[in-house]
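Throughout, numbering of the chain's residues begins at 1 and tracks the sequence.
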Amino acid sequence: MDTQGASNRQPRRHTIPTATARLPRIPGSANTARRFAADFLASSGAAGMVVEDVVLLVSEVVSNAIEHTDGAGAVQLDLRLDGAVLHVAVSDDSVQLPELQNRDGKAHRGRGLQLVEMLADEWGVRVRPDGKTVWFELTVA
């Protein structure tokens with residue numbers, strides 16, 4: 001076995017694609033979040049229905065953070081693609097927790113978390129000392 005030169009090799013590092021956006025609490029931020037997520041996924045090679053699902057869920061969670069919370073600061077959107085799993089986290093400075101509503105299919109509003117429940121592989125809420133983070137994971141490949 002020839003090991004000459006093996007000690008000079010550097011271990012191959014695997015970079016996990018990540019992106020963060022700070023969004024003001026204005027209605028247009030949901031649209032900004034959608035474009036941000038779509039661009040992130042396109043640059044990572046994801047395509048098709050899964051991108052549409054991610055964009056929809058990002059829009060719903062960011063909209064909820066803007067519309068239904070009492071915080072005054074920005075909303076932060078974090079995206080991380082770890083292999084085939086996309087991790088999405090939306091953080092705000094409100095302690096008001098989201099509630100999963102049981103709405104029928106005819107309701108025009110209030111179905112955001114129902115969509116997250118249906119489409120995401122996993123989702124949840126992490127309470128932080130300075131607010132909360134609503135997160136979900138979705139297999140994109």
Could you tell me whether a side-chain N or O of Ser63 sits under 3.5 Å from a main-chain N or O of Ser59, the two making a donor and an acceptor? yes
side-chain contact (heavy atoms from CB on, under 4.5 Å), that's the test. Do Asp78 and Thr18 meet it? Break it down for me. CA-CA 7 Å; Asp78 294 299; Thr18 61; over 6 Å; no
Between Glu60 and Gly112, what is the shortest heavy-atom contact and its length? OE1-CA, 3.2 Å
Taking side chain as C-beta onward, heavy atoms only, is Pro98 less than 4.5 Å from Val134? yes
Drop me the distance from His87's NE2 to Asp82's CG, to the nearest 0.5 angstrom. 4.5 Å
So, taking the atom named CG in Asp53 and the one named CG in Leu86, what distance separates them when rounded to the nearest 0.5 Å? 11.5 Å
Are the side chains of Leu23 and Val62 in touch, meaning some heavy atoms are under 4.5 Å apart? yes
Which heavy atom of Ala30 sits nearest to which heavy atom of Ile66, and what is that distance? N-CD1, 4.3 Å
So how far is it from Leu77 CG to Thr20 OG1, rounded to the nearest 0.5 Å? 7.5 Å
Is Ile26 reachable from Phe36 through a run of hydrophobic residues whose side-chain heavy atoms are each under 4.5 Å from the next? no
Are Met49 and Met118 connected in a single hydrophobic cluster, I mean Ile/Leu/Val/Met/Phe/Trp/Tyr linked by side-chain heavy atoms less than 4.5 Å apart? no
Closest approach of Gly73 and Arg25, non-hydrogen atoms and distance? O-NE, 2.5 Å
Please report the interatomic distance OG1(Thr32) to CZ(Arg22), rounded to the nearest 0.5 Å. 14.5 Å
Between Thr133 and Arg128 the two heavy atoms that sit nearest each other are OG1-NH1, 2.8 Å
Is it true that Val125 and Leu113 fall in one hydrophobic cluster, defined by side-chain heavy atoms closer than 4.5 Å? yes
Minimum heavy-atom separation for Leu138 and Ala120, please, with both atom names. CD1-CA, 3.7 Å
With a 4.5 Å cut-off on side-chain heavy atoms, are Val90 and Phe136 touching? no
Between Leu97 and Lys132 the two heavy atoms that sit nearest each other are CD2-CD, 4.0 Å
Would you say that Val95 contacts Val127 through its side chain, given a criterion of any heavy-atom pair below 4.5 Å between the two side chains? no
Between Leu41 and Trp135, is there a shared hydrophobic cluster once you connect ILVMFWY residues whose side-chain heavy atoms come closer than 4.5 Å? no
